[in-house]
Number of protein chains: 2
Amino acid sequence: MPRAVIGRLSLYLRELEAFERRGETTVSSSLLGSALGINDAQVRKDLACFGQFGRPGIGYRIAELIRALRQILGIDRDWPTAIIGVGNLGRALLRYRGFRNRGFHIVALFDNDPKKIGQTVGGLVVQPLERLGEVAEELGLRLAILTVPGEAAGRVAELAAGCGIRGLLNFAPVTLTVPEPLSVISVDLSIQLENLAYRVLHEPNGGEAITD
Amino acid sequence: MPRAVIGRLSLYLRELEAFERRGETTVSSSLLGSALGINDAQVRKDLACFGQFGRPGIGYRIAELIRALRQILGIDRDWPTAIIGVGNLGRALLRYRGFRNRGFHIVALFDNDPKKIGQTVGGLVVQPLERLGEVAEELGLRLAILTVPGEAAGRVAELAAGCGIRGLLNFAPVTLTVPEPLSVISVDLSIQLENLAYRVLHEPNGGEAITD
DNA sequence: TAGATTGTTAATCGATTAACAATC
DNA sequence: TAGATTGTTAATCGATTAACAATC
């Protein structure tokens with residue numbers, strides 16, 4: 001399944017939830033698509049990858065499609081998640097409510113700074129990185145958010161892979177190459193601003209909105 | 001120019017800076033590409049869009065290419081930038097050193113919460129949103145980072161457009177549609193985790209690394 | 001029934017890769 | 001010179017869109 005499709009699935013879900021909040025019960029591919037600037041055929045094609053959710057002449061039943069998408073995306077369950085690197089960004093993400101709403105529960109914090117280890121932040125005690133394996137097993141951690149400095153990221157990613165972590169959301173501005181059963185998604189916030197600056201300089205009329 | 005090319009330009013720059021720190025002076029398209037998991041022909045093609053930077057038989061001179069990319073991306077200058085929404089994420093981004101290193105200087109904070117207005121955070125006084133236009137003009141603001149709740153994002157984006165802001169880095173989990181000369185790049189952190197969860201569930205051997 | 005809208009096939013479009021003459 | 005590597009063209013690949021029979 002192309003990664004682009006999965007990215008759009010999340011966007012569909014977000015829009016469907018907005019439609020539902022507005023009291024709608026049904027939505028067509030063209031309405032859902034135009035809310036996101038996506039072609040109606042693409043919406044139908046993306047959804048058809050996973051089953052027959054629509055009814056000709058009627059469209060998609062919102063509640064039903066939301067349920068299906070949550071299951072496909074794997075957010076019909078809880079994901080105990082660790083934050084590795086308790087700096088500014090790590091602390092902010094610990095408190096970010098959007099994660100919890102989606103089933104991503106931050107249940108452990110790690111750092112290698114002796115000054116931070118043992119501190120309680122947001123109700124969690126910061127643990128030394130050496131305990132990652134132990135804690136991961138104990139809490140069933142499969143996901144971790146990596147908010148350490150760039151210099152440390154490679155080493156920590158290796159460590160995480162060895163500790164059974166299966167997915168890493170990396171905020172360090174480096175390319176990580178990690179062994180097989182670990183997946184990495186990197187978000188470089190500076191690069192996002194760079195791309196925005198480019199558009200401001202070179203696309204004087206503004207471009208269409210970019211999502212991720 | 002395709003947006004994908006611009007995204008890769010930033011990645012090339014990041015890797016080139018790493019090569020330079022390691023003391024290299026020259027790099028080939030295949031070496032630069034393999035550091036990022038990108039085909040060598042693509043590296044050459046991307047760079048050739050903007051000029052003839054390479055020498056056959058030798059490769060690219062790193063210092064020269066860094067300078068050129070910084071100019072193309074528009075980070076050969078300072079970008080005074082505002083943060084709108086002084087919550088956890090806004091505060092964390094205010095202190096994020098990666099922005100400053102790239103020329104993005106946070107010079108103003110805005111919020112509409114009376115409890116926050118007037119507070120000093122990181123040396124800056126939180127101002128009411130109504131002052132955005134005035135301050136934008138005074139400080140030459142063209143970029144803003146939007147870290148307000150989803151419900152407020154649409155309204156604030158409209159306001160920003162009216163105040164001459166030209167680029168918005170949006171962290172609210174909503175689709176923004178804004179008038180013409182404003183560009184928006186949206187980063188939905190929950191969606192990144194959702195995509196990671198999907199991969200962990202459905203790609204048991206891990207996938208290749210995803211950057212943004 | 002007529003109108004709306006699906007799932008899906010075929011056509012289009014754009015992006016990636018392979019190949020290679022030119023050249024350091 | 002021989003080896004390496006570029007810029008660029010042509011070939012390939014994949015993703016997006018148009019079109020339409022099926023159907024609610």
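The sequence lines fix the lettering, A, B, ..., with proteins before strands; numbering per chain opens at 1. Please read these numbers as outputs of a predicted model, since none were measured by experiment.
- Remark: B:L73 CG to A:L201 CG distance equals 9.5 Å, nearest 0.5 Å.
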CA sep, side-chain torsions, deciding dist, call: A:I84, A:I145, side chain to side chain contact (heavy atoms under 4.5 Å, CB included): CA-CA 6 Å; A:I84 306 179; A:I145 297 171; over 6 Å; no

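- One can place CG of B:L47 at 13 Å from C1' of D:dT5, the figure rounded to the nearest angstrom.
- B:N170 pairs with exactly one of B:V187, B:L176, B:V156, B:D188 by the side-chain contact (heavy atoms from CB on, under 4.5 Å) rule, that one being B:L176.
- Note on B:R44: every side-chain N or O is 4.0 Å or more away from OP1 and OP2 of D:dG7.
- Between B:S29 and the phosphate of D:dT5, there is no side-chain N or O to OP1/OP2 separation shorter than 4.0 Å.
- Judged purely by distance below 3.5 Å, without hydrogens or angles, the side chains of A:N88 and B:Y96 never pair a donor atom with an acceptor atom.
- In this structure, B:Q52 places its CD atom 13 Å from C1' of D:dT5, rounding to the nearest Å.
- Applying side-chain contact (heavy atoms from CB on, under 4.5 Å) to B:V184 and the options B:T177, B:L169, B:V178 leaves one that passes, B:V178.
- Rounded to whole angstrom, the span from the CD1 atom of A:I58 across to the C1' atom of C:dT6 amounts to 10 Å.
- Atom pair B:D40:CG and D:dT6:P shows a separation of 8 Å (rounding to whole Å applied).
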Identify all pairs in which a protein N or O lies below 3.5 Å from an N or O of nucleotides 10-17 of chain D, and state each distance.
from, atom 1, to, atom 2, distance (Å)
D:dT16, OP1, A:R8, NH1, 3.2
D:dT16, OP2, A:R8, NH2, 3.2
D:dT16, OP2, A:Q42, NE2, 2.9
D:dT16, O5', A:Q42, NE2, 3.0

Side chain to side chain contact (heavy atoms under 4.5 Å, CB included) evaluation trace for A:R3 with B:N195: CA-CA 8 Å; A:R3 60 177 263 205; B:N195 283 220; over 6 Å; no

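- Remark: B:Y60 is in phosphate contact with D:dG7, judged by side-chain N or O atoms under 4.0 Å from OP1 or OP2.
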